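Counting from 1, the numbers follow the sequence of the chain as shown. Small disclaimer: the values here were computed from a predicted structure and weren't measured.
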Amino acid sequence: MSGAALGLEIVFVFFLALFLLHRYGDFKKQHRLVIVGTLLAWYLCFLIVFILPLDVSTTIYNRCKHAAANSSPPENNSTTGVYAATPAPSQHPCFKPWSYIPDGIMPIFWRVVYWTSQFLTWILLPFMQSYARSGGFSITGKIKTALIENAIYYGTYLLIFGAFLIYVAVNPHLHLEWNQLQTIGIAAANTWGLFLLVLLLGYGLVEIPRSYWNGAKRGYLLMKTYFKAAKLMTEKADAEEALEDVMECPTEYQEKMGRNMDDYEDFDEKHNTYPSEKSLVKLHKQVIYSVQRHRRTQVQWQILLEQAFYLEDVAKNETSATHQFVHTFQSPDPENRFTQHFYSPTVEWYWECLLRPWFYRILAVVLSIFSVIVVWSECTFFSTTPVLSLFAVFIQLAEKTYNYIYIEIACFLSIFFLSICVYSTVFRIRVFNYYYLASHHQTDAYSLLFSGMLFCRLTPPLCLNFLGLTHMDSSISHQNTQPTAYTSIMGSMKVLSFIADGFYIYYPMLVVILCIATYFSLGTRCLNLLGFQQFMGDNDMTSDLVDEGKELIRREKRKRQRQEEGENRRREWKERYGHNREDSTRNRNVHIDPKESNFSDISANRSATKYTRANNRTERDRIELLQDAEPLDFNAATFTDDPLESESGRYQPGGRYLSMSHCRIFDDV
């Protein structure tokens, strides 16, 4: 099993990153370099999280093996004549774990993974961002635009690094070697990442348990969905308007062409101004962005409608006496055999209306306990005597018994929870329309690359923070023990003592303040004050948007019902009268009188045109009768839920005449 666990996790993490990227990206439409760059960034970051527990268990075994090898032989006590009892190496309790990784593999592995991720986040991905967002019409033009946009970005780093080298060269008391310079660079990157990590972690520790607790409240989810519908409709309208604007000729060119064409006789081709290449590139960039935004809002609107309809169905089925889940609209996708046999309407009712709320509540309580443990450990992990960090207590208890499976499970659950709190915040945050991770293949290339940059910058300090919480980092535990392979790659932070003994120790305590601010929704309240509407139950603006979204959902629901009714009527017409018409026509042709045969042959050519026109007119009348188009200014308030009232003989304002009978259309055919 040596190295087998490492190989299995490498393969598993690759398919996990590929699955997530397929959910958010679009493999068919987006550039291959964007897909490959984002996949590589996500894959390396997820790989660090999954492989680190194996590094911890291997390090604990190596410590045990080193202690057994260095155990001194029995010594004679001259005063008592008794030898000191020490266990023999063969009797030492340590044994090789099932996931043991041979010496020399992990340092090389971490070095390749770390420096590749740093190259991606600081050099390649920023360049690819500018390249993907460029509106150039050629590869050379896009590369030129990307280089110009990143000149300031790269120049800033070179300026800071050059100033630091000059300071070291001038100061005679500083003699830094290459390894120390490398450690300083790593410390600078980890410091920036830790600063952002604590901000995201403080939000996720509170918001994730609260989201599952609120997920058990059906009324809360439905009201929030109505609120999202109102906001998304506004964004959808803005996206459509922006797309229409960029598809038209720019105003300045219209004015210039109008001035040139006012006097046709004085028209001079030399004075006619044409758009420059720079303006066309800018316009092309706007078109790409507008088309992507328009397509994303359209897809999100359809997804939100399905979610709202389903939540309304759950609210209606909660009082069902038959314990059968009934859907208002059937899913357009055919159900597979597993769903038909195992997830029946009865099972769906018990899960959605009875079990799922309780499952979410229990999960929210468990996640809340994890959050409390993380907050306590972040505030006390610097204390080594006594050990106050709960993560360190759990790992040290398992280390005494050398239970490697428990060590790996505890490490994996701990770092996995920390990663979920941080990464989920990255997926949730939205910076206007410049950065937004939208599922169902609606994320643009710029946002995908930006997420890869964030992951590569957040993962190394996240892992160092976890090793500090478990006291596996010697700079935290202050013990002369063998460090993990990951810590050895990071280098000794004693070169920058004010960072190792100050910032890394006390800055994570800020997570307490951030958790309190998130619990009382201070950020949401500040955004509301600035004019960015957020969902808050005790706000008048929220109530207005909820009412507006409810009306929009009701209108869309009625529209879909009318479409289904029209399709059902057309299907009934074809099934009921289509075959009868063919049979009557066939029988009429069979029972023709032979005497009339000659007359029909003589008048066939004469009546062909007339018969064709009559047949076409009858076909058009039948099609118009079957069509059930919605009025142009359809208002949901003028309709009721009873489908019979919608077919009454009244004239709808701004629309068309409906059937003149209160009965079904084809009842008297």
Side-chain angles (χ1 to χ4, degrees), residues 1-6 8-9 12 47-71 86-87 89-103 105-106 109-110 366-421 462-488 490 508:
M1 295 296 292
S2 179
L6 179 62
L8 291 176
E9 291 197 359
F12 172 76
L47 195 61
I48 294 175
V49 173
F50 277 81
I51 301 299
L52 192 61
L54 302 183
D55 190 9
V56 173
S57 62
T58 302
T59 302
I60 292 176
Y61 169 74
N62 290 333
R63 289 178 180 179
C64 176
K65 185 174 62 175
H66 182 73
N70 294 335
S71 58
T86 57
S90 60
Q91 298 176 353
H92 204 274
C94 61
F95 57 91
K96 184 180 296 186
W98 70 278
S99 59
Y100 175 75
I101 300 175
D103 296 338
I105 294 180
M106 290 306 299
F109 175 81
W110 288 130
V366 173
L367 293 177
S368 300
I369 295 174
F370 268 93
S371 298
V372 173
I373 293 175
V374 171
V375 173
W376 171 262
S377 300
E378 290 286 358
C379 297
T380 59
F381 74 94
F382 59 88
S383 177
T384 57
T385 46
V387 178
L388 299 179
S389 174
L390 297 180
F391 291 105
V393 172
F394 297 151
I395 298 300
Q396 289 178 5
L397 289 176
E399 186 178 359
K400 292 179 180 179
T401 59
Y402 296 97
N403 190 346
Y404 296 108
I405 296 179
Y406 173 80
I407 291 173
E408 293 175 3
I409 293 176
C411 290
F412 176 75
L413 292 179
S414 302
I415 194 173
F416 184 74
F417 179 72
L418 294 174
S419 303
I420 290 296
C421 293
L462 173 66
C463 295
L464 282 179
N465 181 255
F466 166 74
L467 294 175
L469 294 178
T470 57
H471 287 185
M472 294 298 296
D473 190 353
S474 58
S475 62
I476 301 298
S477 61
H478 302 289
Q479 297 178 359
N480 189 14
T481 57
Q482 181 179 358
T484 61
Y486 186 82
T487 307
S488 62
M490 296 293 104

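Phe370 meets the side-chain contact (heavy atoms from CB on, under 4.5 Å) test with Val366, Phe417; sequence neighbours excluded. Applying the side chain to side chain donor-acceptor pair (under 3.5 Å) test to Thr59 and every residue at least two apart in sequence or in another chain returns Asp55. The side-chain contact (heavy atoms from CB on, under 4.5 Å) test applied to Ile105 returns Leu6, Ile101, Pro102, not counting sequence neighbours. The side chain to side chain donor-acceptor pair (under 3.5 Å) test applied to Ser419 returns no partner, not counting sequence neighbours. For Ser57, the side chain to side chain donor-acceptor pair (under 3.5 Å) partners two or more places apart in sequence, or in a different chain, are Glu408. Residues that satisfy the ring pair (Phe, Tyr, Trp, His ring centres under 6.0 Å) test with Phe412, not counting sequence neighbours, are Phe50, Phe416.
In terms of modelled atom types and a separation under 3.5 Å, the side chain of Ser389 and the main chain of Leu469 share a donor-acceptor contact. With Thr470 contributing its side chain and Leu467 its backbone, the two residues share a donor-acceptor pair below 3.5 Å.
For the pair Gln396/Val387, a side-chain contact is recorded, criterion being any heavy-atom separation below 4.5 Å from C-beta on. Inter-residue side-chain proximity for Glu378 and Asn465 is flagged as met; some heavy-atom pair is nearer than 4.5 Å. Side chains of Phe466 and Val49 form no contact here, defined as non-hydrogen atoms less than 4.5 Å apart. With a 4.5 Å cut-off on side-chain heavy atoms, Met472 and Thr481 do not count as touching. Residues Tyr406 and Leu397 are not in side-chain contact: their nearest non-hydrogen atoms beyond the backbone lie 4.5 Å or more apart. Annotation: side chain of Val374 is in contact with side chain of Phe391 (closest heavy-atom distance under 4.5 Å). Taking 4.5 Å as the limit, every side-chain heavy atom of Trp110 sits out of range of all side-chain heavy atoms of Thr487.
Note: Tyr404 and Phe95 meet the aromatic proximity criterion, with ring centroids under 6.0 Å apart.
Nearest heavy-atom pair across Arg63 and Glu399 is NH1-OE2, 4.2 Å. Nearest heavy atom pair, residue Leu47 against residue Glu9, reads CD1-O, 4.2 Å.
Around CD1 of Ile405, the count of heavy atoms belonging to other residues, nucleotides or ligands within 6.0 Å does not exceed 12.
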